[in-house]
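Notes follow the structure.
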Amino acid sequence: MISKDYPQDYNYDKYVEWHEKNIKNDVPLIENIDKFRNELKKDYRTYFNQIGQLLTQINSYCSKEIKIQYKDIVKGENQLPLQEISSDENSISYDNLFKPTKSIVDKLWRKNHDLNSDFINISNIKLYVKDLARTSVVCPSLLYAKFFAERLKQWKTVIEPDDITKHLPKIIDVVVDDEAKLASGYFAYHSTISFENDNFIEIQIYSQLSSIWRNLSHNIYANSRLGNIEQEGFGKTNTRLVSLGHMLHLAECEIERIQKEIISK
């Protein structure tokens, strides 16, 4: 069994204390995680540049094909993370592409919770956590997000072989969800891009409505953990946010249904 002093409920300070007690090579944990993140930011510059190339080409293909398939019913432009990807390594925008130190601590707690040996640590975390680096594509609608995800999955067919060789040489594989999955209250298609030496970047593909909910929930979650917002209760912010998430999802499903009905006529 896992050691008795393992924090069963997440507590940042208590977990750091436990980790440093049981995984000596990571001491001091926070300093070494910060160092690890800085190394990732340097190492992943090439990978993110190729992610930018990949998404640009998929987006160009989608914008043309969707007009033909959906008779101009599905409109709007996708928001690609090109500005963040091209930002300076020391900028906030580029830094935001990587999981924050506190979130890495949280993830280590979750991953090590049920282990009694061979704990996940900084040296092997990339094998178990595939979203240390992540970005997103925001689409006009859930239907467009599904279309984009399908074409991303077919990237080797969509993109010319010469372009793959020239612009995407380090991409080993692209795995995409077949269905949008619930992620922290909003639905998104998840894709994992794998590169050489077991390096991964996660891409979430979701709608503009989901983007609004996602931004709200992120801010409320952060404030809740600081104790600035009551967690639950009738009429409380968190409770209303959950209800809003359900309402937005129902709205998106109805929009998709109406779009398909119009197209089929």
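We use all heavy atoms of the structure for the numbers below, so side chains are in, but hydrogens, waters and symmetry mates are not. Being a predicted model, the structure only gives us computed values, none of them experimental.
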ask   = With a distance cut-off below 6.0 Å to the six-membered ring centre and an angular limit of 45° from the axis, does R45 pair with Y94 as a cation-pi contact?
value = yes

inquiry  = Could you measure the distance from the CD1 atom of I66 to the CZ atom of R151? Nearest 0.5 Å is fine.
reply    = 8.5 Å

Minimum-distance pair of heavy atoms, taken over all atoms of D177 and A188 = OD2-O, 4.3 Å

inquiry  = Just by distance, no angles: are the side chains of N199 and Y44 close enough, under 3.5 Å, to form a donor-acceptor pair?
reply    = yes

Approximate separation, where rounding is to 0.5 Å, of D163 CG and W155 CH2 = 11.5 Å

N22 side chain vs H19 backbone, donor-acceptor pair below 3.5 Å = no

task = State, yes or no, whether a side-chain contact exists between I104 and I125 at a heavy-atom distance under 4.5 Å.
result = yes

message = Can you give me the closest heavy-atom contact between L152 and V174, atom names plus distance?
response = O-CG1, 3.8 Å

note = Rounded to the nearest 0.5 Å, the CD atom of Q50 sits from the CD1 atom of I85 at a distance of 11.0 Å

request  = Would you confirm whether S191, through its side chain, and V175, through its main-chain N or O, come within 3.5 Å as a donor-acceptor pair?
outcome  = yes

task = Go through the steps to decide whether Y12 and I30 satisfy the test side-chain contact (heavy atoms from CB on, under 4.5 Å), and finish with yes or no.
result = CA-CA 11 Å; Y12 178 84; I30 304 307; 3.1 Å; yes

task = Would you indicate whether E150, at its atom CD, is surrounded by more than 12 heavy atoms from other residues, nucleotides or ligands within a distance under 6.0 Å?
result = yes

inquiry  = Nearest 0.5 angstrom please: Q53 CD to I58 CD1, how far?
reply    = 12.0 Å

request  = Answer whether the closest heavy-atom distance between the side chains of I159 and L54 falls below 4.5 Å.
outcome  = yes

message = Main chain of N32, side chain of D26: is a donor-acceptor contact present, judged purely on distance under 3.5 Å?
response = no

Whether over 12 other heavy atoms sit under 6.0 Å from E17 CD = no

task = Determine, for R110 against D106, whether the closest basic-nitrogen to carboxylate-oxygen distance falls under 4.0 angstrom.
result = yes

query = Taking atom types as modelled and ignoring hydrogens, do the side chains of Q57 and H167 form a donor-acceptor contact shorter than 3.5 angstrom?
reply = no

task = Would you kindly confirm whether Y128 and F195 end up in one hydrophobic cluster when ILVMFWY residues are joined by side chain heavy atoms under 4.5 Å apart?
result = yes

message = Is it the case that the side chain of T56 and the backbone of G52 share a donor-acceptor pair, with hydrogens and angles ignored and the cut-off at 3.5 Å?
response = yes

same_hphob_cluster(L127, L108) at 4.5 Å side-chain heavy-atom cutoff = yes

key: Residues K146 and E179 bridged, charged N to O under 4.0 Å   = no

ask   = Tell me, do K111 and V129 make a side-chain contact under 4.5 Å, heavy atoms counted?
value = yes

Sub-4.5 Å side-chain heavy-atom contact between K170 and T46 = yes

task = Spell out, as yes or no, whether a donor-acceptor pair under 3.5 Å connects the side chain of D173 to the backbone of S194.
result = no

query = Should we count CD of E65 as having more than 12 external heavy atoms under 6.0 Å?
reply = yes

query = How about Q154: does its CD atom have over 12 heavy atoms from other parts shown lying under 6.0 Å from it?
reply = yes

ask   = Side chains of K126 and N197: closer than 4.5 Å at any heavy-atom pair?
value = no

inquiry  = Run K41 and E89 through salt bridge (charged side-chain N to carboxylate O under 4.0 Å, His left out) and show every step you take.
reply    = CA-CA 7 Å; K41 287 163 65 175; E89 286 180 14; over 6 Å; no

task = Return the orientation label for the Y6 and W18 ring planes: parallel under 30°, perpendicular over 60°, tilted otherwise.
result = perpendicular

query = Checking side-chain contact (heavy atoms from CB on, under 4.5 Å) for the pair I51/I193: CA distance, chi angles, key distance, verdict?
reply = CA-CA 8 Å; I51 289 287; I193 316 297; 3.6 Å; yes

key: Under 3.5 Å donor-acceptor, N112 side chain and I120 backbone   = yes

request  = Return the set of residues passing side-chain hydrogen bond (donor to acceptor under 3.5 Å, both in side chains) with D131 (not counting sequence neighbours), or none when no residue passes.
outcome  = K99

ask   = F48 and F98: ring pair (Phe, Tyr, Trp, His ring centres under 6.0 Å), yes or no, with the steps?
value = CA-CA 11 Å; F48 267 116; F98 298 85; 5.6 Å; yes

query = Is the CD1 atom of I92 crowded by more than 12 outside heavy atoms at less than 6.0 Å?
reply = no

request  = Working to the nearest 0.5 Å, report the span between OG of S207 and CG of L143.
outcome  = 11.0 Å

inquiry  = If you compare all heavy atoms of A149 against all heavy atoms of V176, which two are closest, and at what distance to 0.1 Å?
reply    = O-CG1, 3.6 Å

key: CA sep, side-chain torsions, deciding dist, call: I203, I205, side-chain contact (heavy atoms from CB on, under 4.5 Å)   = CA-CA 7 Å; I203 300 174; I205 306 164; 4.2 Å; yes

ask   = Are any non-hydrogen side-chain atoms of T192 and I201 less than 4.5 angstrom apart?
value = no

message = Does this structure show an ion pair linking D5 with K21, if we count only N-O contacts that are shorter than 4.0 Å?
response = yes

ask   = Hey, does the side chain of E20 reach the backbone of L29 with a donor-acceptor pair shorter than 3.5 angstrom?
value = yes

ask   = Within 45° of the axis and under 6.0 Å from the centre of the six-membered ring of F200, does NZ or CZ of K130 qualify?
value = yes

Verdict with reasoning, Y206 to S136, per side chain to side chain donor-acceptor pair (under 3.5 Å) = CA-CA 8 Å; Y206 47 82; S136 58; 3.2 Å; yes

request  = May I ask you to say whether D95 pairs ionically with R37, meaning some side-chain N is under 4.0 Å from a carboxylate O?
outcome  = yes

request  = Would you name the heavy atoms of S93 and S87 that are closest together and state the gap between them?
outcome  = CB-OG, 3.6 Å

request  = Please tell me if the side chains of F147 and C139 come closer than 4.5 Å, counting only heavy atoms from C-beta onward.
outcome  = no

Taking every non-hydrogen atom, the tightest pair across N96 and R134 = O-NH1, 2.8 Å

W109 side chain to P7 backbone, donor-acceptor under 3.5 Å = yes

request  = Give the intermediate values and the outcome of side-chain contact (heavy atoms from CB on, under 4.5 Å) for residues N25 and I122.
outcome  = CA-CA 9 Å; N25 289 339; I122 296 174; over 6 Å; no

request  = May I ask you to decide whether K153 forms a salt bridge with D178, counting only side-chain N to carboxylate O separations under 4.0 Å?
outcome  = yes

request  = Apply side chain to side chain contact (heavy atoms under 4.5 Å, CB included) to N59 and list each qualifying residue two or more places apart in sequence or on a separate chain.
outcome  = N78, L80, F148

note = The reported gap from OG in S117 to CG in L115 (rounded to nearest 0.5 angstrom) is 7.5 Å

